[in-house]
Amino acid sequence: MDFLLLFILYVSVLVLCISVYCCLSGRSRSRLDSVFYRAEEALSYVLPTWLHSCLTSCFYTRSSAFVVLHLILDAAVFGEYTWEVLDYSLEMELHWMFVFLPYALITVNLYLFYKCCNSDPGTVTKSSEAFSTEMYQYDNVMFHQGRKCQTCLLMKPARSKHCGVCNICVQRFDHHCVWVNNCIGAQNIRYFFLYLVSLSFTALSMAGVIAGFLLQVVLLSHMMHAAYKDMEGYEELVGIVFIIQHLFLTFPRIVFTLGFLLILTLILGGYTCFVCYLCITNQTTNEWYKSRGLNCSSASARTYSRGIMGNLKEVFQPFTSHKKKR
């Protein structure tokens with residue numbers, strides 16, 4: 001039961017943090033920024049100065065810390081999968097294609113991760129300024145004609161935004177992602193979306209293999225039909241709690257990895273669905289967030305939407321200076 005209580009507490013804290021963030025993000029930006037500022041101020045009194053400085057630099061300047069952390073997590077999960085789950089699963093006669101599927105998916109995912117990290121998001125430069133300003137019409141709600149970026153000193157195209165972390169203006173700016181240490185914009189949103197899809201399926205496939213292996217253990221050991229005597233001497237059939245606790249005591253790292261993958265699949269799956277919704281409605285995260293404060297979500301979506309197929313084509317075949325918008 002100790003494991004179950006610890007796992008329930010872990011999940012509860014994680015869900016609570018996500019819920020609080022979602023509730024705050026649905027309100028004013030100033031309130032969300034205020035919460036982050038107070039949290040950062042509180043951490044400055046607890047953490048050593050060097051550690052606080054490192055954490056601050058990770059969020060406010062370009063840093064490869066989260067890229068390295070991403071790769072470490074991949075290596076740790078796949079290391080555990082290869083070390084323990086792979087051999088057990090093959091011995092349990094799970095289909096080899098099912099067992100090796102996560103390796104194929106992670107190969108595709110790492111390629112897309114590389115493209116997200118190294119692709120130009122759609123930087124607005126002096127040479128591309130004229131084309132960029134003609135790419136989209138100004139809606140005069142979120143984007144107004146004639147405004148200049150105070151940092152780049154270039155005209156601000158519609159749907160663009162200056163990223164304070166990368167110090168560039170980005171066409172069709174979506175957001176700055178610390179996990180890929182790059183902005184997500186017009187030229188690399190397709191890589192980011194496919195990266196999320198492949199990562200979700202990688203976590204799901206690996207969780208499926210582990211769950212299949214544990215299920216085989218339960219079935220082959222006839223654990224569902226086992227019984228025990230309680231404190232009063234009465235015979236009781238084992239329940240799901242007993243089985244989970246027994247599996248955890250027998251395969252602690254495998255069960256913990258499964259729990260981590262299930263939570264990761266839920267979070268990634270939800271976020272992937274959100275990005276998919278933005279793609280098919282031709283919105284960006286930046287526009288979606290701003291529109292909630294301006295109460296103009298539907299108007300903004302109609303301004304740039306070209307139909308589902310047209311919106312997806314714009315994501316996967318972005319406009320370039322050699323292919324002007326018709």
Side-chain angles (χ1 to χ4, degrees), residues 24-25 27-37 40 55-67 115-193 195 274-275 278-279 281-294 296-297 299-301 303-304 314-315 318-321 324-325:
L24 290 174
S25 63
R27 301 182 182 184
S28 65
R29 178 59 186 259
S30 59
R31 180 171 297 186
L32 184 62
D33 289 341
S34 176
V35 171
F36 284 149
Y37 175 77
E40 181 183 343
L55 290 176
T56 303
S57 65
C58 288
F59 288 97
Y60 296 105
T61 60
R62 293 205 69 180
S63 171
S64 59
F66 282 93
V67 175
K115 296 294 289 184
C116 286
C117 293
N118 292 278
S119 297
D120 177 20
T123 306
V124 180
T125 62
K126 191 67 177 176
S127 60
S128 65
E129 179 183 11
F131 166 74
S132 298
T133 53
E134 295 175 359
M135 186 177 296
Y136 296 105
Q137 65 183 23
Y138 294 88
D139 63 357
N140 294 318
V141 178
M142 289 186 285
F143 308 107
H144 300 271
Q145 192 170 9
R147 291 187 176 180
K148 274 193 172 185
C149 174
Q150 299 300 315
T151 305
C152 298
L153 301 179
L154 299 172
M155 294 300 297
K156 296 185 67 173
R159 312 191 77 183
S160 70
K161 185 178 184 297
H162 182 87
C163 176
V165 180
C166 296
N167 197 30
I168 56 173
C169 281
V170 179
Q171 292 178 348
R172 199 182 182 276
F173 178 85
D174 192 89
H175 70 288
H176 179 87
C177 180
V178 295
W179 290 103
V180 301
N181 194 27
N182 198 5
C183 285
I184 305 301
Q187 301 301 319
N188 65 352
I189 181 64
R190 61 191 187 278
Y191 298 128
F192 183 72
F193 174 63
Y195 158 76
F274 172 68
V275 174
L278 293 180
C279 289
T281 57
N282 206 339
Q283 296 183 79
T284 66
T285 303
N286 179 54
E287 292 166 0
W288 176 84
Y289 193 92
K290 283 183 175 179
S291 66
R292 290 170 66 85
L294 297 173
C296 59
S297 179
S300 175
T303 300
Y304 300 113
E314 186 174 317
V315 169
F319 302 121
T320 65
S321 58
K324 292 189 177 182
K325 181 180 178 181

Is a side-chain donor-acceptor pair under 3.5 Å present for [Y] with [X]?
{"X": "S160", "Y": "Q171", "result": "no"}
{"X": "T123", "Y": "T125", "result": "no"}
{"X": "H176", "Y": "N182", "result": "no"}

request  = Please test T133 against Y138 for side-chain contact (heavy atoms from CB on, under 4.5 Å), starting from the C-alpha separation and ending with a verdict.
outcome  = CA-CA 9 Å; T133 53; Y138 294 88; 4.0 Å; yes
request  = Go through the steps for N282 and E314 under the test side-chain contact (heavy atoms from CB on, under 4.5 Å), then give the verdict.
outcome  = CA-CA 8 Å; N282 206 339; E314 186 174 317; 3.2 Å; yes
Point-to-point distance, once rounded to the nearest 0.5 Å, from [atom1] of [X] to [atom2] of [Y]:
{"X": "M135", "Y": "R159", "atom1": "CE", "atom2": "CZ", "result": "10.5 Å"}
{"X": "C163", "Y": "K161", "atom1": "SG", "atom2": "NZ", "result": "7.0 Å"}
{"X": "C116", "Y": "Y195", "atom1": "SG", "atom2": "OH", "result": "7.0 Å"}
{"X": "L154", "Y": "C169", "atom1": "CG", "atom2": "SG", "result": "6.5 Å"}
{"X": "H175", "Y": "C183", "atom1": "NE2", "atom2": "SG", "result": "9.0 Å"}
{"X": "D120", "Y": "Q187", "atom1": "CG", "atom2": "CD", "result": "6.5 Å"}

Where do [X] and [Y] come nearest, in terms of heavy atoms and distance?
{"X": "Y136", "Y": "R172", "result": "OH-CD, 3.6 Å"}
{"X": "F173", "Y": "N286", "result": "O-CB, 3.7 Å"}
{"X": "V67", "Y": "W179", "result": "CG2-O, 3.5 Å"}
{"X": "G185", "Y": "V170", "result": "CA-CG1, 3.8 Å"}
{"X": "A158", "Y": "Q137", "result": "CB-O, 3.5 Å"}

With distance as the sole test, does [X] use its side chain to make a donor-acceptor pair with the main-chain N or O of [Y] at under 3.5 Å?
{"X": "D174", "Y": "T284", "answer": "no"}
{"X": "S128", "Y": "V124", "answer": "no"}
{"X": "D139", "Y": "F143", "answer": "yes"}

key: Matching residue for P121 among V180, N188, I184 - test: side chain to side chain contact (heavy atoms under 4.5 Å, CB included)   =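 Exactly one option meets the side chain to side chain contact (heavy atoms under 4.5 Å, CB included) with P121, and it is N188.
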request  = Begin with the C-alpha distance, continue with both residues' side-chain angles, and end with the deciding distance and a verdict on side chain to side chain donor-acceptor pair (under 3.5 Å) for N181 and S64.
outcome  = CA-CA 6 Å; N181 194 27; S64 59; 5.6 Å; no
query = Hey, is K290 close enough to E287 for a salt bridge, meaning N to O under 4.0 Å?
reply =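 No salt bridge links K290 with E287.
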